Structure formats: structure tokens, C-alpha cells
Amino acid sequence: NDSGRRPRGALIAFEGGDRCGKTTQCSKIVEHLRSTGVDAVMWRFPDRSTSIGQSINAYLAEQSHMDDAVIHMLFVANRLEKRDEMLRLLAGGTTLVLDRYSYSGVAYTAAKGVPYLSMEYCKSLEVLLPAADLVVHMTMTPESMAARGGYGEERYEKVEFQSKVMAAFEALRDERWAVIDASGTIDDIHEQVTSIVEPVVRCAHNGCALGRLWD
Ligand code: TMP
């Protein structure tokens, strides 16, 4: 990096169905990166702490009902309200590890099969946001996710719907995605995640450009 600017941080998104272990792996990789001197933080989407996030939370807990287009746009707005801070952190050299991002936004809504909420339309609403340098897609069968503790508490935690979400994620994959079998042990998965994430962080530090969704 000879420009005199601070090297940028990497944007890394973890995606997958509900209860597949994303949150655990996000925490572990952030802890690992920090232990090696990398400035890293973990964020979750939806961010339930904002007022938009609280409306989303009520919807997910089935305490409120909303039109599919409206809840979709709230999820988008919940990312957009964090956009400036996201770009500022990345430019300042902080690596951001996201527990869900735009890919969940597109996959979950497209999985509903509402004709006017096509995958292409959903993708178009995300274009103001940066693309992840790496998407870690954690996969397991919807049946094994359902066998995990707490499953079924939220709106989308139903086996049939999760199969459709899985298919939608598969349709979104490109060369920036790494697919990891989420049925292994926490430590085995963490080891795989580490070997995939570290080169991406180095690439960002070395100045490779941040992209835009879905260029
Ligand atoms: P969480 O359990 O990871 O907090 O995610 C909450 C639920 O919201 C999960 O079922 C996935 C869903 N979701 C969307 O439908 N659209 C989105 O944009 C995001 C980020 C999550």
C-alpha cells in the first residue's frame, strides 16, 4: 500500500438458513482475527436496536403483520441506515464480519414466491450497498436445522420455507462465495472458516477494491 492511505478492512458476510451456526462462527472468527492483530468487529442484520429494527423484530416474532413488500423494504432500509458507518469503518481499516447481509434480504423474500418480489427486483434494491469481499455460505439440510434448539420460535423457521431459502441462496452464488458444511463440529468449521477468511483480509489490506452489489 504505497498510497499513504490506511489499508481498508474486509467485508465478510456469513449467510445460511436459520440456526445453522452463523452467529457462533462470526464471533469465533472475529475473536481469532483480533488475536492476530487484525482490527475486526461483528455486526448482525437485521440490526434490531434501531427503530426500523424494532419493527422488523416485532414482525419476526409474529407480533405484527406487514405486507411482504413493506417488510422487505424495512430490511433493506435497516442495511442502508448503517451504510455510512459501514463504509467509514472499512475505509478506516476495520474488517466487518456480518451475521447476515443483503444476500439474506434477497433470498428470504425471493423464497416467498410473490410474483412482484422477484429475485431480480430484490437485488435491484441493494445496489447502494458495498458487495461483500467474501460470502461464507453455511449449509445444512432444513431437517437438521429444525432439530436444533430454539427452532420454530421465529416466523421463517419452517422446514419447507427454509428449503426454498436454500435454493435461493444457491442461485445467488458467484466466485466470491465459499460453501461450508455446517453440520461439522464448531472447531472444524472454525478452522475451515479461518483458512478462507485470512487471505481475504490480506487482500483487502493490500488494497484490492471494494465492489458494489451486484457488479
Ligand atoms: P437472525 O435470526 O439471523 O437474526 O435473522 C432474522 C430472520 O430475518 C431470519 O429468518 C432471516 C430473516 N431476514 C430476512 O428475511 N431479510 C433480511 O434482509 C435479513 C437480514 C434477514
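The model shown is predicted, which means the values in this text are computed figures rather than measured ones. Any value given below was found using the heavy atoms of this structure, including those in side chains, with hydrogens, waters and symmetry copies removed. All residue numbers in this chain count up from 1 along the given sequence. Each ligand, and each atom within it, is numbered from 1 in the order the structure gives.
- In summary, the aromatic rings of Tyr156 and Tyr108 are positioned with their centroids under 6.0 Å apart.
- Using a 4.0 Å cut-off between heavy atoms, Pro46 contacts ligand 1 through both its backbone and its side chain.
- The closest approach between a heavy atom of Arg44 and any atom of ligand 1 is below 4.0 Å.
- Counting only heavy atoms of the protein, atom 15 (O) of ligand 1 lies nearest to Tyr108 CB, 3.2 Å.
- Between Trp43 and Tyr101, the distance from one ring center to the other does not fall under 6.0 angstrom.
- By the criterion of a heavy-atom distance under 4.0 Å, neither the backbone nor the side chain of Glu157 is placed next to ligand 1.
- The hydrophobic cluster containing Val38 also contains Leu134, counting ILVMFWY residues as joined when their side-chain heavy atoms lie under 4.5 angstrom apart, directly or transitively.
- Classification of Arg100 and Asp18 as a salt-bridged pair holds, one side-chain N sitting under 4.0 Å from a carboxylate O.
- Of the N or O atoms in Asp18, one or more lie within a sub-3.5 Å distance of an N or O in ligand 1.
- For ligand 1, the atoms lying closer than 4.0 Å to a non-hydrogen atom of Arg79 are 17 (C), 18 (O), 20 (C).
- Side-chain N or O atoms of Arg8 include one that pairs as donor or acceptor with a backbone N or O of Cys208 at under 3.5 Å.
- Residue Arg48 holds the heavy atom nearest to atom 2 (O) of ligand 1 of all those in Glu126, Arg48, Lys112, Glu15.
- Ligand 1 lies nowhere less than 4.0 angstrom from a heavy atom belonging to Lys22.
- Only the side chain of Leu60 comes within 4.0 Å of ligand 1, counting heavy atoms alone; its backbone N, CA, C and O stay farther away.
- For ligand 1, the atoms lying closer than 4.0 Å to a non-hydrogen atom of Gly105 are 16 (N), 17 (C), 18 (O).
- In this structure a side-chain-to-backbone donor-acceptor pair under 3.5 Å is present from Asn206 to Arg202.
- Residue Arg100 has at least one N or O atom closer than 3.5 Å to an N or O atom of ligand 1.
- Side-chain N or O atoms of Thr194 include one that pairs as donor or acceptor with a backbone N or O of His190 at under 3.5 Å.
- Look at Arg34 and Glu31 and you find no salt bridge, because none of the NZ, NE, NH1 or NH2 atoms lies under 4.0 Å from a carboxylate O.
- The 12-atom threshold is not exceeded at CD1 of Ile186, counting heavy atoms of other residues, nucleotides or ligands nearer than 6.0 Å.
- Taking every heavy atom of Phe45 and a limit of under 4.0 angstrom, the matching atoms of ligand 1 come to 20 (C).
- Looking at atom 14 (C) of ligand 1, its nearest protein heavy atom turns out to be Phe75 CZ, 3.4 Å.
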